[in-house]
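Note that this is a predicted model, so its numbers are computed, not measured.
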Amino acid sequence: MTIATPIAAWAMLLGMALACAVSPGVRTVTPDWELERRRMVDEQLRRRDITSERVLEAMGRVPRHLFVPESHRADAYIDAPLPIGLAQTISQPYIVAVMTQAIDVRRSDRVLEIGTGSGYQAAILGQLARDVYSIEILPELAERARQTLSSLGYGNIHLRTGNGYLGWPDEAPFDRIIVTAAPDDVPDALVAQLKVGGLMAVPVGTMFQELRILRRTPAGFDLLQRMPVRFVPMVGKPR
Ligand code: SAH
C-alpha cells in the first residue's frame, strides 16, 4: 500500500483506532484457526521433541477444530486432550505427533489404526501414508468421523465399525499399526497383522500405561521405546 499524503496517513491511523474501539474485549470475530494451528505446531510440538518435518507439516495442515465438537471448538488447539462424547477423547496434539513420528510413516505405507474416535489421528496419517484403515467400536463416533473425513475430501482413509482386537484381516498385513485406546497387553492378532520389520505404537496397561513402540520380527517383536501416557481403555477383549 502507498500512502499519498500525510493527511491520508492520519485518516488511516484514526480509522484503525476507531476499529479497535468498537468491540471492547468481546471476541465476536471468528478465531484465526490457521494462526492457532501454527502456534500449536511451534509451541507444543517443535519446541518439544517433534523433529519430523513431515509430521509437523501434516499437523499444520489438518484442521483439528473440525474434529472437535462445537462445544469445545474454541479449545481445539490447546495443549490437552478434549472430550468428543460417549466418554471418549481426542488425544492431545503432542501425543498424536509423538505416536505418528515414532512409527515413521512412509508415503507408500498402508497403516492400520485402532480407535478412530474423532478421526483426527486418521487424518494426520492420511497425509503421510498411502492408505489408512481405521476401526472404531462405537457406531456413533464412527459415523461422525466418517462425515468429518468425507466433508474434508480425505479419500485414502477407510473406516470400519467393529472390534479392533481382531484387526482388519482382509487388508492385512500392514506396514504400520497405531493403537489409540489402551489394551492390557499387546493384542496378538495385531502383531500377526503387522509386516515383519513393520512398526507399531500401542499404549499398554490399565491403571498406569506406557506407550510402547515395537518392531515386528519373524518370531514376535522387539520393544524399541517406551514412555508413560494416559489413554482411554480398549474395550471388548475377546475371551
Ligand atoms: N484416535 C482418536 C482418539 C481415540 S480415543 C482420535 O484421533 O480422535 C479411543 C477410541 O478407541 C474411542 O473412540 C473408543 O471408542 C475406541 N475403542 C475402544 N476400544 C476399541 C476397540 N476394541 N476397537 C476399536 N475401537 C475401540
Side-chain angles (χ1 to χ4, degrees), residues 45 50 52 54-56 58-59 62 64 67 81 84 88-137 141-142 145 149 154 156-160 162-169 171-205 209-216 221-236:
L45 311 183
I50 307 302
S52 160
R54 294 185 73 225
V55 172
L56 292 166
M59 296 209 41
V62 174
R64 179 173 165 94
F67 293 83
I84 54 170
Q88 306 303 321
T89 53
I90 175 173
S91 304
Q92 176 192 7
Y94 175 65
I95 291 295
V96 173
V98 163
M99 291 176 86
T100 310
Q101 177 168 272
I103 59 167
D104 188 24
V105 180
R106 302 158 303 178
R107 180 44 67 204
S108 57
D109 282 346
R110 296 170 64 254
V111 183
L112 174 67
E113 180 195 24
I114 308 302
T116 314
S118 68
Y120 178 68
Q121 173 75 73
I124 297 294
L125 293 167
Q127 299 285 309
L128 302 169
R130 185 171 96 204
D131 281 293
V132 180
Y133 298 82
S134 183
I135 306 176
E136 170 58 51
I137 202 164
L141 290 183
L149 292 165
Y154 292 162
N156 62 343
I157 301 169
H158 315 280
L159 302 181
R160 164 184 272 195
N163 190 344
Y165 273 104
L166 310 175
W168 195 322
E171 295 293 345
F174 298 96
D175 300 286
R176 302 288 187 258
I177 298 181
I178 190 163
V179 184
T180 65
D184 57 10
D185 204 351
V186 180
D188 292 338
L190 299 184
V191 175
Q193 290 178 30
L194 183 60
K195 281 186 192 168
V196 171
L199 299 170
M200 181 182 335
V202 53
V204 172
Q209 301 162 358
E210 58 176 27
L211 177 63
R212 295 188 188 162
I213 310 299
L214 321 170
R215 180 182 287 123
R216 175 78 207 269
F221 58 80
D222 289 337
L223 183 56
L224 303 184
Q225 211 183 312
R226 53 217 283 180
M227 70 180 273
V229 283
R230 258 197 98 74
F231 274 81
V232 297
M234 187 161 163
V235 297

Kindly write out the residues that satisfy salt bridge (Lys or Arg N to Asp or Glu O under 4.0 Å) with [X], not counting sequence neighbours, or none if the list is empty.
X: D131; answer: none
X: R110; answer: E171
X: R176; answer: D109

- Query: If we ignore angles and hydrogens, is there a donor and acceptor under 3.5 Å between the side chains of Q88 and S118?
  - Reply: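 No, no side-chain donor-acceptor pair sits under 3.5 Å.
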- Is there any ring pair (Phe, Tyr, Trp, His ring centres under 6.0 Å) pair reaching into residues 180-200, and which pairs are they, with sequence neighbours excluded?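 Not a single pair qualifies under ring pair (Phe, Tyr, Trp, His ring centres under 6.0 Å).
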- Task: Using the ring pair (Phe, Tyr, Trp, His ring centres under 6.0 Å) rule, collect all pairs that involve residues 175-205, keeping only residues at least two apart or in two chains.
- Result: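 Listed by first then second residue: nothing to list.
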Nearest non-hydrogen partners of [X] and [Y], listed with the distance:
X: G117; Y: A145; answer: O-CB, 3.7 Å
X: L199; Y: L224; answer: CD2-CD1, 3.7 Å
X: G119; Y: L149; answer: O-CD2, 3.8 Å
X: I135; Y: G162; answer: CG2-O, 3.4 Å
X: V179; Y: L190; answer: CG2-CD1, 3.8 Å
X: G236; Y: N163; answer: O-ND2, 2.6 Å

- Would you indicate whether R160, at its atom CZ, is surrounded by more than 12 heavy atoms from other residues, nucleotides or ligands within a distance under 6.0 Å?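 Yes, CZ of R160 has more than 12 neighbouring heavy atoms, counting only those of other groups under 6.0 Å.
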Does any part of the side chain of [Y], heavy atoms only, come nearer than 4.5 Å to the side chain of [X], both counted from C-beta?
X: T116; Y: I157; result: no
X: Y154; Y: V62; result: yes
X: V186; Y: L214; result: yes

Just jot down the side chain to side chain contact (heavy atoms under 4.5 Å, CB included) partners of [X], sequence neighbours excluded, or say none.
X: F231; result: S91, I95, M99, T180, A182, P203, Q209, V229
X: A97; result: L45, I50, V55, M59
X: L194; result: I177, M200, R216

- Qualifying side chain to side chain donor-acceptor pair (under 3.5 Å) pairs, either residue in residues 221-236, two or more places apart: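 Qualifying pairs, neighbours excluded: E210-R226.
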Could you measure the distance from the [atom1] atom of [X] to the [atom2] atom of [Y]? Nearest 0.5 Å is fine.
X: R54; Y: L128; atom1: CZ; atom2: CG; answer: 5.0 Å
X: M234; Y: I137; atom1: CE; atom2: CD1; answer: 7.5 Å
X: T100; Y: L125; atom1: OG1; atom2: CG; answer: 5.0 Å

- Partner of H158 by ring-ring contact (aromatic ring centres under 6.0 Å, His included), out of F174, Y133, W168: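 Considering F174, Y133, W168, a ring-ring contact (aromatic ring centres under 6.0 Å, His included) with H158 is found only for Y133.
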- Message: Determine whether a donor-acceptor pair (N or O, by modelled atom type, separation under 3.5 Å) exists between the side chain of Q193 and the backbone of A172.
- Response: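 Checking the backbone N and O of A172 against the side chain of Q193, no donor-acceptor pair under 3.5 Å is found.
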- Give a yes or no answer on whether the side chain of E113 reaches the backbone of I178 with a donor-acceptor pair at less than 3.5 Å.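 Checked: no pair found.
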- Task: Name all pairs fulfilling the salt bridge (charged side-chain N to carboxylate O under 4.0 Å, His left out) condition that reach into residues 186-197, sequence neighbours left out, sorted by first residue then second.
- Result: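 For residues 186-197, and leaving out neighbouring residues, the salt bridge (charged side-chain N to carboxylate O under 4.0 Å, His left out) pairs sorted by first residue read D175-K195.
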- Query: Which salt bridge (charged side-chain N to carboxylate O under 4.0 Å, His left out) pairs, counting each pair once, include a residue from residues 114-130, with sequence neighbours left out?
  - Reply: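 Residue pairs with at least one partner in residues 114-130: there are none.
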- Results of ring pair (Phe, Tyr, Trp, His ring centres under 6.0 Å) for F67 - residues two or more places apart only: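 So F67 forms a ring pair (Phe, Tyr, Trp, His ring centres under 6.0 Å) with Y120.
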